[in-house]
Amino acid sequence: MRAAALYSAAGALLLTTLAATPAQSATPAQSVPSAGPGSAEARGTAVAARRAAAAGIEFGRCPKAEQLPGGIRCGTVSVPLDYAHPDGKRIKLTVSRARATHKDPDDGKREVPGQGALLFNPGGPGASGLYFPLVGMVPEWKRVAAAYDLVGYAPRGVAPSAPLSCQDPGDFFKGPRPAPTRPSDAYKEQRAAEAEAYARDCAERGGEALRHYHSLNNARDLEVVRAALGERRLTFMGASYGTYLGALYAELFPSHVRRMVFDAVVNPDPEQIWYRNNLDQSEAFEDRWDDFKAWVAEHDAVYGLGDTARKVQNSYEEASARLAAQPAGGTVGPAQLQGAFLKAGYYDDYWPHRAEALSAYLKGDPQPLVDQAGTRTEEGAVGAENSNAVYTAVECNDAPWPTDFEVWDRDNTRLARRAPFETWDNVWTNLPCAYWRAPRQRPLDVRTAPGELPPTLVLAAERDAATPYEGALELRRRLAGSVLVTERDAGTHGIAAGPNACVNGHLEAYLLEGRLPARDTSCAPRPEPRPRA
């Protein structure tokens, strides 16, 4: 398993938008103040952390459904559903751990002293980190795995941690669907009605508990898990949405931070959370789509999809038109095609596989495309529905959203003229937030003064589409003492412990020695992927 694969947001996209002020957002009656240091939530978090520190975590076998090897052990941590009422209903978060090996990978006889637990969140929201301890088997992680217990967890709502659901998993994966870049008014009305129904189903299934699935509570949960692990201060690594979670933790609990790595950074500006981050992402994906098409064109001798980016686009559009007329394998239509190629915007590693599948399909063999884009298994549908439910609940609860579809239509119609690839798909993913029924939080203004927080490491790829580069610059400005390491001219979403030795050197120096570059620095890009015949 490549380390970068851990950063997948489980199919859930972050958001983005134009800088224009939304014409309509949640009214004051729909939003609730963020909880400050003297709030009931802050007091409840302290109570829950003390209880967790006293109880610890009883590690044993992991749930069978997770299919983790025996060397990884699991346990649970009890947290309040509502931190304002720590004596009320509680839920259990599942935590996984692989003990530090204490073996120097270069000299197996030399013992490496332990540095406690390294806790990881892979993003989403809605992604599980239970598989994180497996990275200890990846060569790039060996030195870190020698010094740290590698600890992952399933955040609240993510199975098996009090799993949240908004619909029957059997209804989650739609059959072949269109993916119009210029949707008609009738199609927009259809998708808006589906989004409203989904929001209603979330409210009915989630009940009163639904309002408690949000990023502030995720940060409080992180504090309770830290205490349960017996860690005086937290060593944390977050990727994608996990960087926003880490930023909130740094704002709420700066004195409890030991070291923090932020990889593939969400823009934490409260004005960006979440609607204003939407079009930024859609626009960035257009640039990455161009990167992919240029790479395919360079390898036209292998794939035969065209020797220019325009010709590759024509090949893609030809495939989409054929799939609209006759879905491949009965399951892959234009929307499934777009979803499969969207992943190529996240990770360069997908480029050869997607180009190979598109080439084979146009030459008469649909099977590779069906394998990569087809309907998931029943088990996969359960996991995907759960992940999407958590994603939707957290982001809809986190902040005000425009409640008038005309705002969404205006902003995205404008953007789709120059960035058609992902724009409308991003709208349909997030549109339930326009009809959300639970109260909204007010995003925290994350800022730390010099000396308030230990130095932190920020990692970013310059052409990351899922979390555009401006987010890393913004977090760097807001966390005093942080240092930014940039992978130039690269766009893979999540760069820590991947194939870039320069990036890995900075990561290891920080995690193992607490040492950062004197100033912001950059690394040359990783090699481009090799084509597959």
Please name the pair of heavy atoms, one in [X] and one in [Y], separated by the smallest distance, quoted to 0.1 Å.
X    : Y    : answer
D520 : S482 : OD1-O, 4.4 Å
A199 : W436 : CB-CE3, 4.1 Å
S96  : G129 : OG-O, 4.1 Å
V77  : A228 : CG2-CB, 3.8 Å
A461 : A490 : CB-O, 3.4 Å
L68  : Y131 : CD2-CD2, 3.4 Å

Do we see a donor-acceptor contact under 3.5 Å between the side chains of [X] and [Y]?
X    : Y    : result
Y198 : N388 : yes
E487 : N500 : yes
N218 : Y249 : no
H214 : D398 : no
T486 : Y469 : yes
T235 : R259 : no

How many angstroms lie between [atom1] in [X] and [atom2] in [Y], if you round to the nearest 0.5 Å?
X    : Y    : atom1 : atom2 : answer
L431 : T392 : CG    : OG1   : 10.5 Å
E196 : F405 : CD    : CZ    : 12.0 Å
D409 : D404 : CG    : CG    : 9.5 Å
D263 : M237 : CG    : CE    : 5.0 Å
N121 : S128 : CG    : OG    : 9.5 Å
S522 : E462 : OG    : CD    : 8.0 Å

[X] side chain near [Y] side chain, heavy-atom distance below 4.5 Å:
X    : Y    : answer
R226 : F236 : no
I72  : C62  : yes
V382 : N386 : no
E474 : P268 : yes
V266 : W274 : yes
Y83  : L216 : no
T94  : T76  : yes
L210 : L164 : yes

Please report the C-alpha distance between E395 and W401 in whole Å, then the side-chain angles of each, then the deciding distance to 0.1 Å, and finally whether the side-chain contact (heavy atoms from CB on, under 4.5 Å) criterion is met. CA-CA 10 Å; E395 297 212 347; W401 288 76; 4.2 Å; yes

Pairs in or reaching into residues 154-167: which pass side-chain hydrogen bond (donor to acceptor under 3.5 Å, both in side chains), with residues at least two apart or in two chains? R156-D221, S165-R205, S165-E385

Given side-chain contact (heavy atoms from CB on, under 4.5 Å), test L118 with L511 step by step and report yes or no. CA-CA 9 Å; L118 170 60; L511 285 178; 4.2 Å; yes

So with a 6.0 Å cut-off around CD of E513, is the heavy-atom count from everything else above 12? yes

Please determine whether the number of non-hydrogen atoms from other residues, nucleotides or ligands lying under 6.0 Å from atom NE2 of H85 exceeds 12. no

Verify, without hydrogens or angle tests, whether [X] (side chain) and [Y] (backbone) share a donor-acceptor contact under 3.5 angstrom.
X    : Y    : result
R220 : T45  : no
N397 : Y213 : yes
R233 : R258 : no
N412 : W408 : yes

Is there a salt bridge (Lys or Arg N to Asp or Glu O under 4.0 Å) between E470 and R477 once you walk through the steps? CA-CA 11 Å; E470 175 57 34; R477 287 190 287 266; 2.6 Å; yes

Taken in chain and number order and not counting sequence neighbours, the residues that satisfy salt bridge (charged side-chain N to carboxylate O under 4.0 Å, His left out) with R97 are none

List the residues meeting side-chain contact (heavy atoms from CB on, under 4.5 Å) with A84, not counting sequence neighbours, and say none if there are none. A40, E41, D82

Between T467 and V265, does the side-chain contact (heavy atoms from CB on, under 4.5 Å) criterion hold? Intermediate values first, please. CA-CA 6 Å; T467 51; V265 182; 5.7 Å; no

Ring centroid separation F285 to Y346 under 6.0 Å: yes

Could you check D87 against R51 for salt bridge (Lys or Arg N to Asp or Glu O under 4.0 Å), going step by step and ending with a plain yes or no? CA-CA 11 Å; D87 294 324; R51 288 173 177 164; 2.2 Å; yes

Run the side chain to side chain donor-acceptor pair (under 3.5 Å) test on Y241 and S215 for me, step by step, so that the C-alpha distance in whole Å, both residues' side-chain angles and the decisive distance to 0.1 Å come before the verdict. CA-CA 10 Å; Y241 166 78; S215 293; 2.6 Å; yes

Would you mind telling me which of Y148, F120, F132 makes a ring pair (Phe, Tyr, Trp, His ring centres under 6.0 Å) with W141? F132

Quick one: do Y391 and T429 satisfy side-chain contact (heavy atoms from CB on, under 4.5 Å)? Show the steps, please. CA-CA 10 Å; Y391 169 84; T429 298; 3.8 Å; yes

